[in-house]
Structures are given as C-alpha cells and as structure tokens.
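The sequence lines fix the lettering, A, B, ..., with proteins before strands; numbering per chain opens at 1.
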Number of protein chains: 2
Amino acid sequence: MNQHQRSPGSGFQPNRALVLGGGGPAVASWTAGWWVQIAAQADSSPGCGTSPEPDGWSAFDWHHRRMADPRPVVRSAPTLESVASVAGVSRATAGRVLSGASNVTERTREAVLRAADELGYVTNRAARALMTQRSGLIAFVVAEPEERFFNDPHFSLALRGAHAAVAKLDVQLVFSIVHLDADRRKFERFARAGHLDGAILASLHGDHPLPRALQAAGIPVILMGRPLVPVAGVSYVSSDNVGGGRLAAARLADGGRTRLATITGPRDMTAALDRESGFLGELAVRGRSGLVVEGDFSMESGRAAMTELLATRPDIDGVFAASDLMALGAFQAITDAGRSIPEDVAVVGFDDSPLAATVRPGLTTIRQPVVDMGATLAQRLLRTIEDGTVLDPVLIPAELVARESA
Amino acid sequence: MNQHQRSPGSGFQPNRALVLGGGGPAVASWTAGWWVQIAAQADSSPGCGTSPEPDGWSAFDWHHRRMADPRPVVRSAPTLESVASVAGVSRATAGRVLSGASNVTERTREAVLRAADELGYVTNRAARALMTQRSGLIAFVVAEPEERFFNDPHFSLALRGAHAAVAKLDVQLVFSIVHLDADRRKFERFARAGHLDGAILASLHGDHPLPRALQAAGIPVILMGRPLVPVAGVSYVSSDNVGGGRLAAARLADGGRTRLATITGPRDMTAALDRESGFLGELAVRGRSGLVVEGDFSMESGRAAMTELLATRPDIDGVFAASDLMALGAFQAITDAGRSIPEDVAVVGFDDSPLAATVRPGLTTIRQPVVDMGATLAQRLLRTIEDGTVLDPVLIPAELVARESA
DNA sequence: CGGCGCCATGAGAGCGCTCTCACGATCGAG
DNA sequence: CTCGATCGTGAGAGCGCTCTCATGGCGCCG
C-alpha cells in the first residue's frame, strides 16, 4: 500500500547512511574547567558508515572495560576538602555550611559559600549517596511493551507530570520500560544497587510482581492506577474510572441512543474493568443494557472491535470506547463501513488525549487529568520516601468533554 | 466550544479528589529482605484531599530534612565484605571475581559466585561510582517547553530508541526537560555532581549553551540533529533533511502540482532550514519556485500557516509541511476552507509519525527513522564515553512514504 | 638444589562525603 | 571568680567499593 522511496541524500549519494567529515576533531583531547581527559589510543576509525553496533558488551564487560582502560583520568573536580582549605576552615565545617546546618557563624558561613562559588563546587552525589543511602533518583517505570508506551500519549503525559513535580527538587527521574521478565530483574538489580529512592509504576497488568519485589527490597513504590491485587504498603493514584464509565453511558443515553456497546480495555487492568462496570452500571440504573467487546486500549484493537460490533449488530447507534485510541480505531471502522459519526453512530472515548480535539468530528471523551496524576504520584512518592508515611490511595474525578462525536 | 461536566465519582460524591480508606496501612513499618526501615513519627494525615503540594522544598531542604530525620535506618544490604567472608576469601578477591577479572582460581571463583548468589549481593553503585568516576547514567535531555515534547511523538520515539539501545547494558537513562535557564543550570549541576557519564541532547534551538557547558564540564555529549553552531568535540546524528526536502518537492512536482509552498519549522533549527533549502533547491533545479511560511513544527502553527497561505494564494495546489504535525494542521485549514485533499491541494509532511498513517486521507510524508536515530545516538555516545573517541557526525537517509495526500 | 619469575591472594589505601565526638571558647549563674 | 552549660569548630571514623602493592607459594631453569 505504501510506496517507499529512498532519499538520494543531500548530494544524491548512494543509498546508505552518510558520514560527514569534519564537524569536530575525531580524537578527543579537550581540556575541561576542572577535569582533564586524554584520549590515549586514537582509533578514530572514520568509517562506522552503517549503523554502529554496540559491539555486544554485557553489563559486565562495560565495567570490565573501564577497569582495563589505561587512559589517565585526572580527577580535579573541587572537593569539599578544597573548598574548606580555600575558606580556611575544616572539611566538617564546610560540609555543615553546604548542607545547611545551623551552628555556624555568619562569618565562616560566608567564607565557605564564597569559596564554593569561586571553585564551582558541586557536591559529589556518589559520595553523598554512599553516606546517606539516598540517591536522589526516582524511577518512572512502565510495564508495557515499548510500542504501547510510545503509541499511547497517556504514559508520556504522566511522565511529564511526574517530571514537572520533581523538577524543582534535587531529584532526577530515571526512565525505564520493563516488559520482559529479564527487564524486570535487571531493573530490580538496578533499584537495589542504585539506591533508587523510590519508583512510580505505571500500567501494571494483572498481578505484576514488580511492586512486591521493590517493596521487599525496601524501596517505596506508588502505582498509577489501582492494582488488580492490592499490595500492602503500596498506595496508588487512579482516575475515577467507574464514574467516567457512568458519564459516558449517561451521555449516550441522554443523547437518545438506545442500541449501545462498549469496547473495553484489557481485562487484566482495573482501569478497563472499572470503566466497563461504570458504563454497564449506569445503563442498568436506567433499565438498559449494552454489548461488550474487549480491546487492549490500542487503536488497532478499537478498529477490530468496532468492525466486529458492526457485523454483529448493524443497527448499533452508540459506542463507548475505553480509550481515545480505541475510539479513533472505531472511527475508522465506522467510516469504512460507510456510516457517519455521530449521525449513525455516536462515539465516546476516554482520556481526552491530544488527538481527541484534532480529529474530525471532534471526539467526545472522558477526561482524566493524566498530567496532574503524574505530578500527584511523584509528590506522594516523595512524601513516602521522606518519612515513611504511606498515604491513602487517591481517586481523581473524571469529567466529560463534549465534542461532536456524541 | 467544549462543554465540560464533572464526574460524579463512583458514588456520586461531590466535586473533588476522593481519598479512599484502606488499601494499605497508613504507617509504614514493613520489613524488607535485608533492609529494615522504621517509620518514626506517624503523621498519617488522612486529608490531602486536593492536589497535594510538595510544600515548597528547595533542593537544599530535601537533603536537610533527611539529615534531620531521626529515623533509624538499619543498613543490612550484603556488602562485598560479607560475600567475601561467606566465601572464605578476602574482599579483594571477591571483588576480582565479581568484576570479572581474570587471575582467579576456578575454585575460589565458584565459591565467591555462590556466596554472592546466596546473599543476593548487588554491587553498590554509589560506592563503585565513587571509585570509578562512572555512574552508569546517561541523560536524555530535551530542550523544549514541556508541551512540545509531549505533543510531538518525535521525541518520545527517539527516547524509545535510546532506551532500547541502552537496555541491555548496565546503564540507565535519566530523563530531563530543560527549557528555562534555571532548568539548565540545575541540570548542569546534576550532571557535574552526579557524574553523569554522558548526555544526549535533542532539539536544540539556536546556539544553545548546554552542549558547550557539559562539554566544558568534561561530560561527553551527542546531539540529535545538527546544531546551528558547531561545537568542537561534539558529534551528532541527523536525518538527511535536505534530501528529505528534495523528495517532497519532487513528489509534488512529479504529481503535476505547480503552485507550491512550504511551511517551515522554526528558523533557529537546522532541521527546519535544511528541509526548506532542500525543498526550494529541488524546485530551483526544476526551474520553479515556491512560497514559504514559517511555522514552529506544532499542529496549531501548521493550521495558521496554511490558513495564511490560502488567503495569500487561493490557487495553491501543493504544500510541503516540515513536520507531520504541521501537515495535520494544514489538513484542518484546507478542510475548513472547503477544499479537498489531495484533489485541490496535495500535502506532504515530514516525520512519518504514527498519526500519518491513521488520518484520512493518509498523509504522504518523509520518513525519518527516529527510533533508530535514538538508538544510534545512544550507541555512539557510549562509544565516546568508553574511549574518548568522538565519531564523525552521521546523516541518516530520509525516505518518501507515499499515501493518499500527495 | 638455589634462584628467578609468575601467579593467586591479601592487606590496605583511598574515592568524597556525612556525622559523631571531643575540645576549647564563651557565657550566665551562683 | 568558679563551675557547668552552650556553642562553634576540628579531628576522625567510616559508607562500600576499586585498585595498587606486597607476599607467599609454586614451577621452571640453570
């Protein structure tokens, strides 16, 4: 269906990755402010024309190589010691000032700060971590196949919220996708070895072992979405999926639609189950019922489910898709079947993803404030890290965003 | 335009975040495998009903609090020392085995490995980092406002590629958005303090100071996209934007379109400039010319630009938008103007983002293999970190993906 | 059989920091 | 003026690891 045609390159060169000459010396030998590295064995192999391989190091080799590396690395980052000597005080006192302790004369305080500023001193995190058992690192972990994460704006929006919440603090976000069991074990090792201060876990299917494992390793955890099986001591932040499902049902019913259906998410996630039960529950309250087809939150599954629905019940006139992506898939199926939205079939989605507003007709959907959720997750996790308090789970209200599709 | 309507909550409660009782003890006091934390002052404040604030800690406070925290943290993670004693060897020998050095008898080797396995030993990264000056951390930095990052799939796809490339190694990705100057300084501090091993910088506008700053701090850097101003010792990976622009022009011209225009990206980025010059260059070769309107890669700017173009030259029949998002914006403007795609106006985008295939009509676009680029960036950065070699910049060919819109 | 070299191992010195403890100076109370 | 409390400061002990250097055992050559 799609024709592909290779680009000729700027100068119409042959069909492969181009390597540009120049643009910087091939051998590094630069000098830094307070750090000097000297590239020893040049090996400025000019080629590497095709995709450069990471020549299959294992994690093991990576460190091994470093050890074997004869390159002289001159350390010269300013240390607390040097700050102290410049300021004419002891290391202890300098440390006191820099970590904000009281019990310091204003005079010495100023002297130390001036010295630190002058030297461009920055606390060495490794050393600090070694003492404090705190790394200043929080992980944002997604337990989905990579494609899913990146196709669904949902996760990256949550990541954004978490990043924003953490941005002001001296905490950094480590990003990880943990899909396979091997990934998970690798991540667990990292968490334990890296003194990861805590982790936000998003999109856990079924009874995923990760929360329990991290918990057991003494690492505070918070979940995005209610877990299928509760884990003691692990809190979560979820949107009000049941309420959202209800809103969707009400919207369709109030709009006069009578032959209704829902395309659910994967049944091993509470988000899917709750949206479904909210939808069906609200219909039941109104003395109605609806068809149910299972999807997996992806656009393709939405299209397939809708196609199936249209085949089963050609007179269907209202659909609630448990994600916007599935709703858009449904859009395609409906259009392909020659029907129109919303005249023939009304569609309600879930998420209010950026796409919802841009498609035509605009997608009526249930908004869950994902960015806020991400921020809330980070904030509460920090709280738990700080003093061990495990806050109660939070349910964030969903709201209907009415556009043209229903 | 959009009506909003609040969700009633599962139980039709009032209009605010709901706090659930239960779901885990409010006070943490759990015991870990080899790590015990005891939550001292309970303060299980049940409220936090609205959006919980991070009660304004500075980076400073965060660590200060920790210091002031009287909570007894019993360290009991197995150390190299304990592994050694279990295996009946010295710490040095245990270390040798665990870091893969040779010069160890098979017998002792096995003994150490068994002991390590038994104790669930994991190398303490802080301690290792302190010695090796290597953190095992690589940053993926985006120098854009947050919205941009998250609205444009481009970046997250690159992040995905980088993550994939790094996943096998014992290296973790630190994710950061650096937009404001304050962000940048904070990040620089982190980089220097955290012994960040290297950084991938994406989407730099103009002559951004970050690469130079990191470079000066001795931290290897690689750029996604050619920088406007070259930085000595800093390599990059870019798609062949000029070639891509040419392909777009050729496609439109070959399709018989004669009244052409391009919607460019922001002129402070080479990606935008190169696509534009490729497009105009190819037209020039064919003895033609085209209108130019500047956008900023976002959908909204594409819509605005297209609206402007249609007003200026109502008879326009072919447009090259320098990003898919802008192309979709153009779609809207064209449709809103009552014209049809591709009959009245043909549109070519750039990126082949996931959206391109799903819109109707399908968007003809220039594919740049962003995921691969992300991976390549990570691989080359690792190479530089490893031995100081700065590889030559790489240009990755773009290719035309033909769909219905042109 | 003495001596040389090689090799596996252990002892120990830090990496840069935090934090405890001891010490001298200052101060108010008796 | 003396005594204990208070306070700012310095000395120093590690955190857990890597890596250098010394050591002692063994094989090999002369």
Side-chain angles (χ1 to χ4, degrees), chain A residues 34 63-70 72-85 87-109 111-112 116 119 121-136 192-195, chain B residues 34 63-70 72-85 87-109 111-112 116 119 121-136 192-195:
Chain A
W34 31 262
H63 283 284
H64 181 43
R65 288 209 175 197
R66 195 269 158 210
M67 286 172 48
D69 186 358
V73 174
V74 180
R75 318 172 179 244
S76 44
T79 70
L80 192 52
E81 190 72 50
S82 57
V83 171
S85 86
V89 298
S90 72
R91 191 178 64 246
T93 302
R96 260 187 285 264
V97 172
L98 261 20
S99 56
S102 45
N103 299 348
V104 185
T105 314
E106 193 54 33
R107 255 183 57 109
T108 54
R109 181 185 172 71
V112 170
L119 295 175
Y121 173 78
V122 181
T123 305
N124 180 312
R125 293 176 86 99
R128 167 180 283 172
L130 195 54
M131 274 305 290
T132 60
Q133 307 288 328
R134 277 276 184 93
S135 63
R192 291 167 51 199
H195 290 287
Chain B
W34 32 261
H63 282 284
H64 181 44
R65 287 207 177 200
R66 195 271 159 210
M67 287 173 49
D69 186 359
V73 174
V74 181
R75 319 172 178 244
S76 45
T79 69
L80 192 53
E81 188 73 52
S82 57
V83 170
S85 87
V89 298
S90 72
R91 191 178 66 244
T93 302
R96 259 187 285 262
V97 171
L98 263 20
S99 55
S102 47
N103 300 349
V104 184
T105 314
E106 193 55 32
R107 255 182 57 107
T108 53
R109 182 186 171 72
V112 169
L119 294 175
Y121 172 79
V122 181
T123 305
N124 181 313
R125 291 176 85 100
R128 167 179 284 171
L130 196 54
M131 274 304 291
T132 60
Q133 306 289 326
R134 277 278 182 95
S135 64
R192 290 168 50 198
H195 289 287

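- Atom pair B:R134:CZ and D:dG16:P shows a separation of 24 Å (rounding to whole Å applied).
- OP1 or OP2 of D:dC17 has not a single side-chain nitrogen or oxygen of B:S99 nearer than 4.0 Å.
- The 5' end of DNA chain C is approached more closely, in terms of each residue's nearest nucleotide, by B:R109 than by the other of B:R109 and A:T93.
- The base of D:dG10 sits within donor-acceptor range of the side chain of A:R96, with an N or O pair under 3.5 Å.
- A sub-4.0 Å separation between OP1 or OP2 of C:dG10 and a side-chain N or O of B:S90 is present.
- Taking atom CG of residue A:L130 and atom C1' of nucleotide D:dG14, one finds them 9 Å apart after rounding to whole Å.
- Residue A:L80 holds its CG atom at 6.5 Å from CG of A:L98, rounded to the nearest 0.5 Å.
- For B:A87, the side-chain contact (heavy atoms from CB on, under 4.5 Å) test picks out B:V89, B:A111, B:V112, B:A115, with sequence neighbours left out.
- Comparing B:A127 and B:V89 by the nucleotide of DNA chain C that holds the closest heavy atom to each, the one mapping nearer the 5' end is B:V89.
- Straight-line distance from the CG atom of A:L98 to the P atom of C:dT18: 8 Å, rounded to whole Å.
- The side-chain contact (heavy atoms from CB on, under 4.5 Å) test applied to B:T105 returns B:R107, B:T108, not counting sequence neighbours.
- Across C:dT9, C:dG16, D:dG16, the shortest atom-to-atom separation from the side chain of B:N124 is found for D:dG16.
- Distance B:L80 CG to C:dG10 P: 12 Å, rounded to the nearest Å.
- Between the B:T123 side chain and the B:R125 main chain, no donor and acceptor come within less than 3.5 Å of each other.
- Checking the phosphate oxygens (OP1, OP2) of C:dA8, no side-chain nitrogen or oxygen of B:T108 falls inside 4.0 Å.
- Computed from coordinates, the A:M131 CE to D:dG16 C1' distance equals 12 Å when rounded to whole Å.
- Judged by distance alone, with hydrogens and angles left aside, the side-chain atoms of B:S82 form no donor-acceptor pair with the main-chain N or O of B:P78 at under 3.5 Å.
- Residues passing the side chain to side chain donor-acceptor pair (under 3.5 Å) test with A:S90 are A:T93, sequence neighbours excluded.
- For B:R109, the side-chain contact (heavy atoms from CB on, under 4.5 Å) test picks out B:V97, B:V104, B:E106, B:L113, with sequence neighbours left out.
- For B:T132, no side-chain nitrogen or oxygen approaches OP1 or OP2 of C:dC15 to under 4.0 Å.
- Rounded to a whole Å, the CZ atom of A:R125 is 20 Å from the P atom of D:dC17.
- Nearest to the side-chain atoms of B:R128 among the listed nucleotides D:dC17, C:dT9, C:dC17 stands D:dC17.
- Summary of helix geometry: the two end axes of the helix from C:dC1-D:dG30 to C:dG30-D:dC1, each defined by five base pairs via their C1' atoms, are inclined to each other by 50° (rounded to 10°).
- Side-chain N/O atoms of B:R91 and base N/O atoms of D:dT18 include a donor-acceptor pair closer than 3.5 Å.
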